[in-house]
Amino acid sequence: MTETLDLARQLSDADRSGVRLASGTLFQPRSAIEAVTVQNETLALNGWLPAGYKIAIRPDGTSVSAPMAHITVSDGGGTAQFERPAIDALEVEICFSLADDLPPAGDQPYTRETLKPYIGDIHSGVEFLGHRLDNGNTSPALLFLADRLGNTGYVVGETLGREVLEPGLSLPLTVTLNGDVVFEGPGKHPNNDPLAPFVAFANALTAVVPKGCIITTGSLCGAIPMAPGHSKIAVTGFTTLTLSTASVAGIAFTALHKT
């Protein structure tokens, strides 16, 4: 068994059980290539196909990304249910589907303009984080990358206009969690331009990303912590989403230890 496959098995087991692993006891990927190998091996072990990608930009301007395997599409009224073993946080985002297969750039790098034809339907979205590592996003960078950047799933919301992809926008956004307002204010993309991470991602590709994949490029509100168990989430402002979630490992733990 290779080191990367062993780590993929450990992360996969932690995903199913909803527990966190001690980062210091795990194999540490030595390169981004090894970390991405672990991502792919984790998906293969579970028979998951990447239905989308969460992408971001490192401080040096290079791309960092992770496949998303668990994507739910909300109904016509903007409601959805989402369940995973562990859900630690949520992020409200903008996402879009690929209108065509996206190949590696070749001799001419992609630009914002040349990528626009690949952008299909645009939606609001909610990413859910479910860390398999004890220190979450402060774990060693390559190990966090191997853990698919903490992603545990995604809900695709209502259709939006293409204007939401323009740089510099501040979008009205309120998020309530179990009736409590946990975010209220302008929703702003961390890179100012929602397409900047997409350009970096496309120019780093070594294989085709198929038509229909969901692409998301950053939170408008940061990561909002969630407690284990059942939750009700309402997103209003630039979009309307009503979500019911269940962190089932947390429910099992609570029931087992209830006095």
Side-chain angles (χ1 to χ4, degrees), residues 1-16 20-21 23-71 84 91 93 95-98 101-106 109-110 115 118 127-154 190-191 195-219 223:
M1 182 182 297
T2 66
E3 294 169 314
T4 58
L5 183 56
D6 185 39
L7 177 58
R9 290 188 186 281
Q10 291 173 298
L11 292 171
S12 181
D13 290 345
D15 191 329
R16 287 193 296 271
R20 291 194 179 192
L21 303 171
S23 298
T25 67
L26 302 174
F27 164 69
Q28 304 286 319
R30 290 158 292 215
S31 67
I33 292 175
E34 282 193 336
V36 170
T37 297
V38 175
Q39 292 179 353
N40 294 332
E41 288 175 336
T42 300
L43 267 63
L45 284 170
N46 292 280
W48 297 335
L49 295 175
Y53 289 86
K54 63 174 294 185
I55 61 180
I57 300 176
R58 294 187 181 95
D60 65 1
T62 58
S63 176
V64 60
S65 64
M68 301 190 297
H70 306 287
I71 296 181
R84 291 292 294 145
E91 297 182 347
E93 302 177 344
C95 67
F96 53 85
S97 61
L98 290 181
D101 291 350
L102 179 65
Y110 285 112
L115 281 172
Y118 291 95
E127 180 187 356
F128 291 102
L129 304 177
H131 298 293
R132 278 70 62 174
L133 303 172
D134 53 355
N135 293 317
N137 63 357
T138 62
S139 301
L142 290 175
L143 189 58
F144 181 54
L145 178 60
D147 188 37
R148 292 174 286 139
L149 302 176
N151 177 264
T152 197
Y154 203 86
N191 300 111
L195 291 188
F198 186 41
V199 176
F201 171 77
N203 283 319
L205 287 178
T206 58
V208 173
V209 181
K211 175 182 177 178
C213 270
I214 296 295
I215 303 294
T216 185
T217 69
S219 175

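Not measured: the values here are computed from a predicted model.
Screening T4, T37, V36, L7 for a side-chain contact (heavy atoms from CB on, under 4.5 Å) involving P29 leaves a single residue, L7.
Ring planes of F144 and H131: tilted class, angle from 30 to 60°.
The backbone N or O of A14 sits nowhere less than 3.5 Å from a side-chain atom of R132 that would complete a donor-acceptor pair. A donor-acceptor pair is defined here as one N or O able to donate and one able to accept, closer than 3.5 Å; no such pair exists between the side chain of D134 and the backbone of R20. Not one N or O on the side chain of E91 forms a donor-acceptor pair closer than 3.5 Å with the backbone of L129.
For T138, the side chain to side chain contact (heavy atoms under 4.5 Å, CB included) partners two or more places apart in sequence, or in a different chain, are N135.
Scanning all heavy atoms of the two residues, the minimum distance from Y53 to C213 falls at CE1-SG, 4.4 Å. Closest non-hydrogen pair, Y154 versus T216, comes out as OH-OG1, 3.1 Å. Closest of all the heavy-atom pairs between L149 and K54 is O-NZ, 3.1 Å. Between P210 and L98, the shortest heavy-atom contact is O-CD1, 3.7 Å. Of all non-hydrogen atoms in S12 and N46, the two that sit nearest each other are OG-ND2, 2.8 Å. Contact record, L205 with P103: CD1-O, 4.0 Å, taken as the closest heavy-atom pair.
Counting only heavy atoms from C-beta outward, the side chains of N151 and H70 never approach each other to under 4.5 Å. The shortest side-chain heavy-atom distance between S139 and D147 does not fall under the 4.5 Å cut-off. Looking at V208 and P104, their side chains come closer than 4.5 Å, going by heavy atoms from C-beta outward. Side-chain contact between L115 and L195 is absent, with no heavy-atom pair separated by less than 4.5 Å. With a 4.5 Å cut-off on side-chain heavy atoms, F198 and L102 count as touching. Under the 4.5 Å side-chain criterion, counting only non-hydrogen atoms from C-beta, D15 is in contact with R148. Side-chain contact between L5 and L45 is present, with at least one heavy-atom pair separated by less than 4.5 Å.
Here the CD1-SG distance, from I214 to C95, works out to 5.0 Å after rounding to the nearest 0.5 Å. For the atom pair CZ of R58 and CG of L145, the computed distance is 6.5 Å after rounding to the nearest 0.5 Å. To the nearest 0.5 Å, atom CD1 of residue I55 and atom CE of residue M68 are 9.5 Å apart. One distance of note links CD1 of I57 with OG1 of T217; it measures 8.5 Å at 0.5 Å rounding. Atom CD of Q28 is separated from atom CG of L143 by 5.0 Å, given to the nearest 0.5 angstrom. Expressed to the nearest 0.5 Å, how far CG of D13 lies from CG of L21 amounts to 8.5 Å.
Sorted by first then second residue, the side-chain hydrogen bond (donor to acceptor under 3.5 Å, both in side chains) pairs that include residues 195-214, not counting sequence neighbours, number zero. Pairs passing the salt bridge (charged side-chain N to carboxylate O under 4.0 Å, His left out) check and including a residue from residues 31-43, sequence neighbours excluded, read R30-E34.
Ionic pairing of D6 and R9 is not present here: no N-O contact between side-chain nitrogen and carboxylate oxygen is shorter than 4.0 angstrom.
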